[in-house]
Amino acid sequence: MQLFENQPLKIYNSLSGKKEVFEPLNQGYVGMYVCGPTVYSNVHLGNCRTFMSFDMIFRYLKHLGFKVRYVRNITDAGHLVDDAEDGEDKIAKKALLEKLEPMEVVQRYTVDFHNILDQFNFLPPSIEPTATGHIIEQIEIIKDILAKGYAYEVNGSVYFDVAIFNKTNEYGKLSGRKLEDMIANTRALAAQNEKKNPQDFALWKKAEPQHIMRWPSPWGDGFPGWHLECTAMSTKYLGETFDIHGGGMDLKFPHHECEIAQAEACYGHSPVRYWMHANMLTMNGKKMAKSTGNNILPGEIFSGENSILSKAFTPSVVRFFMMQAHYTSILDLSNDALIASEKGYQRLMEAVNTLPKLEVGPKTDFDIPSWKQLCYDAMNDDFNTPILIAQLFEAVKRINLVKEGKETITAADKALLKEHIDVFVFDILGLENERASGVDSNKLGGVVELLIQLRMEARANKDFATSDKIRDQLAAMGIQLKDGKEGTTFTLF
RNA sequence: GGCAUCGUGGCCGAGUGGCUAGGCAAGGCUCUGCAAAAGCUUGUACAGCGGUUCGAAUCCGCUCGAUGCCUCCA
């Protein structure tokens with residue numbers, strides 16, 4: 001008996017615009033594809049938010065007992081800079097600027113990406129395929145689409161014929177657009193004369209002589225178009241139809257719309273059962289983007305080296321901050337918001353650390369099974385982590401009440417509570433217990449315990465000058481003493 | 001201009017046709033030598049204007065505003 005059998009999960013499907021009961025294609029298995037990063041510069045915090053949302057989703061699906069194959073690609077072939085005839089590969093452009101081999105750039109930023117995600121405590125995806133590793137598959141799909149009449153070749157490039165596709169299918173259904181409107185609103189760009197219509201998109205682009213990244217194809221040397229790699233890789237690893245396709249909201253159009261078109265043209269049916277879109281992280285009310293410079297790097301948060309920040313914040317604090325907002329909502333980053341999250345996170349972790357030390361009693365004043373179900377209900381309702389966190393704070397309150405001696409908990413319920421706190425805080429939200437230091441057993445712990453003892457003696461002698469000096473100077477070093485009923489404890493902050 | 005999403009108390013941020021979000025900050029109280037921590041407690045918010053309804057912040061319409069997409073973008 002797996003958890004998912006009695007924890008019905010609802011997912012907001014961007015395609016239908018509704019929350020739907022999640023039923024995977026194959027009982028007990030989930031195929032999930034998420035559009036990964038383009039590795040031509042450092043991953044910024046906005047990118048991280050999307051991947052973190054899907055990391056949480058991956059974690060929860062796994063927790064429910066699904067066998068999940070999570071595919072997140074690395075876009076290392078680059079995308080076109082623009083639609084102009086001399087469109088050059090974005091990665092190649094950057095490489096020329098920095099006088100590096102394209103794959104050197106790819107390697108550098110892929111390593112950076114993995115390093116950052118590791119600090120954020122991401123689970124690795126099941127498969128992390130690269131676009132350049134799937135050129136053959138992409139060429140095969142283009143051949144297929146050409147054979148089925150949904151594409152045309154011009155001068156070594158192949159374009160998807162949106163108008164023909166739209167006769168039998170519905171181009172724009174994901175983003176709520178109609179082809180007629182798009183035609184009416186398209187600006188007349190020069191240099192698109194290869195395409196029959198401006199809405200057509202490239203499946204294969206001819207490589208100009210100076211273009212470094214290039215592969216042979218039936219249409220000559222070139223490189224794949226923007227949207228094809230995701231169709232190729234998702235199909236290869238998850239099949240022609242799979243359960244969940246995720247990505248950032250900004251990919252809905254045109255990227256995901258084109259993926260649908262490619263797959264429907266090729267396979268004759270819709271590729272994805274549940275489309276999920278994570279919303280943007282903004283800063284100063286504006287979307288973070290590499291191109292505008294309105295962004296912040298994770299490293300700058302961890303070090304505090306950014307003008308909007310008053311201090312450094314740990315990866316778990318940032319993760320907690322992001323998990324306090326629903327993944328479909330726009331979230332605005334600010335120093336104040338991070339500070340508030342840091343306080344909340346610390347309070348949560350205090351309680352997590354207190355729980356094992358609680359004394360047990362004859363009865364429990366807190367209905368833990370009901371609380372546990374409320375936590376599941378929150379997650380089952382389209383991964384509502386803000387509600388889950390609200391429930392966790394209910395548990396925090398109860399833990400502190402028991403600590404204060406105002407409520408009691410039985411040994412069995414304490415174990416049950418601990419088990420589920422750990423599940424939700426660590427396994428699902430993916431937080432790390434940065435405050436659970438092993439200080440009790442190390443040298444620092446011994447020194448602090450000694451000082452606490454000296455302070456207790458001073459207090460017993462009403463020598464408050466000495467006791468306050470110990471307390472205040474330790475506080476200045478980031479060690480906070482807390483006088484409680486059972487004596488003095490301390491935490492690092 | 002088109003499409004989409006959204007506008008919640010000092011700040012962040014859930015939710016919803018009638019009943020509690022939660023966090024942070026603030027005030028009061030308990031505890032304390034004084035603090036801190038912790039606990040209890042207070043605040044009565046849903047852009048504006050109409051409409052539907054016994055009842056709407058929640059549904060509908062309009063207005064204003066914000067953001068995203070429409071060109072690579074998580």
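- Using bins of under 30°, 30° to 60° and over 60° for the plane-to-plane angle, the ring pair A/Y60/A/Y376 lands in the tilted bin.
- Both A/N279 and A/L401 lie near RNA chain B, and the one whose nearest nucleotide falls closer to the 5' end is A/L401.
- On the P atoms, B/U41 is 25 Å away from B/A14, given to the nearest whole Å.
- Counting only heavy atoms from C-beta on, A/A325 has its side chain closest to B/G13 among B/C34, B/G22, B/G13.
- Residues A/C35 and A/S329 both approach RNA chain B. Their nearest nucleotides, taken by heavy-atom distance, put A/S329 toward the 5′ side.
- At a threshold of 4.0 angstrom between heavy atoms, the contacts of A/G247 are confined to the sugar-phosphate backbone, with no base atom among them.
- Going from the P atom of B/G43 to that of B/C19 covers 16 Å, rounded to whole Å.
- No side-chain donor-acceptor contact under 3.5 Å links A/R72 to the backbone of A/G36.
- To the nearest angstrom, P of B/G22 lies 14 Å from CD1 of A/I389.
- Distance check on atom C1': B/G15 versus B/G9 gives 15 Å, rounded to whole Å.
- OP1 and OP2 of B/C73 both lie 4.0 Å or more from every side-chain N or O belonging to A/N47.
- Of all heavy-atom pairs spanning A/G361 and A/T408, the tightest one is CA-CB, 4.4 Å.
- In this structure, A/W275 and A/H256 have tilted ring planes: the angle between them lies in the 30° to 60° band.
- When the C1' atom is used for both B/C46 and B/G65, the distance is 16 Å, rounded to whole Å.
- At a cut-off of 3.5 angstrom, the base of B/A35 holds at least one donor-acceptor pair with the side chain of A/D483.
- Nucleotides B/G48 and B/U8 are separated by 15 Å at their C1' atoms, to the nearest Å.
- Taking atom NZ of residue A/K252 and atom P of nucleotide B/U71, one finds them 17 Å apart after rounding to whole Å.
- Electrostatic pairing of A/D55 and A/R59 counts as a salt bridge here, judged by a charged N lying under 4.0 Å from a carboxylate O.
- Between A/Y12 and A/M276, the shortest heavy-atom contact is O-CG, 4.2 Å.
- Between A/M323 atom CE and B/A14 atom C1' the separation is 15 Å, expressed in whole Å.
- Shown here, B/A26 forms a base pair with B/U42; the pair counts as Watson-Crick or G-U wobble because both key distances fall under 3.5 Å.
- One donor-acceptor pair, N or O on each side, does fall under 3.5 Å between the base of B/G33 and the side chain of A/D468.
- Using a 5.5 Å limit on the distance between ring centres and a 30° limit on the angle between planes, the aromatic ring of A/F464 counts as stacked on the six-membered base ring of B/G33.
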Q. Please walk me through it: do A/H245 and A/Y274 pass ring-ring contact (aromatic ring centres under 6.0 Å, His included)?
A. CA-CA 6 Å; A/H245 189 126; A/Y274 302 88; over 10 Å; no
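- Listed pair A/R347 / B/G39 meets the phosphate criterion, a side-chain N or O lying under 4.0 Å from OP1 or OP2.
- If you check every strand for non-hydrogen atoms under 4.0 Å, A/L392 touches nothing.
- Straight-line distance from the CZ atom of A/F253 to the C1' atom of B/A74: 18 Å, rounded to whole Å.
- Remark: A/S175 is not in phosphate contact with B/C70, judged by side-chain N or O atoms under 4.0 Å from OP1 or OP2.
- Comparing the same atom, P, in B/C60 and in B/U67 gives a spacing of 24 Å after rounding to whole Å.
- Only the P atoms considered, B/G68 is 24 Å distant from B/C62, to the nearest whole Å.
- Residue contacts for A/H277: at a heavy-atom cut-off of 4.0 Å it reaches no nucleic acid atom on any strand shown.
- Side-chain N/O atoms of A/R471 and base N/O atoms of B/C34 include a donor-acceptor pair closer than 3.5 Å.
- The phosphate of B/A14 has neither OP1 nor OP2 within less than 4.0 Å of any side-chain N or O from A/N384.
- A/K178 has no side-chain polar atom (N or O) that falls below the 4.0 Å cut-off from OP1 or OP2 of B/G2.
- Not a single donor-acceptor contact under 3.5 angstrom links the side-chain atoms of A/R177 to the base of B/C70.
- Within the structure, every side-chain polar atom (N or O) of A/K482 is placed at least 4.0 Å from both OP1 and OP2 of B/A35.
- The separation between A/D250 atom CG and B/U71 atom P is 14 Å, rounded to whole Å.
- Counting any heavy atom pair closer than 4.0 Å across all strands shown, A/K397 reaches sugar-phosphate atoms only and no base atom.
- Rounded to a whole angstrom, the distance from the C1' atom of B/G27 to that of B/U44 is 15 Å.
- Classified by interplanar angle (parallel below 30°, tilted 30° to 60°, perpendicular above 60°), the ring pair A/H227/A/F201 is perpendicular.
- Nucleic acid contact class of A/M249 (heavy atoms, under 4.0 Å, all strands): none.
- Residue contacts for A/G36: at a heavy-atom cut-off of 4.0 Å it reaches the sugar-phosphate backbone alone, with no base atom in range.
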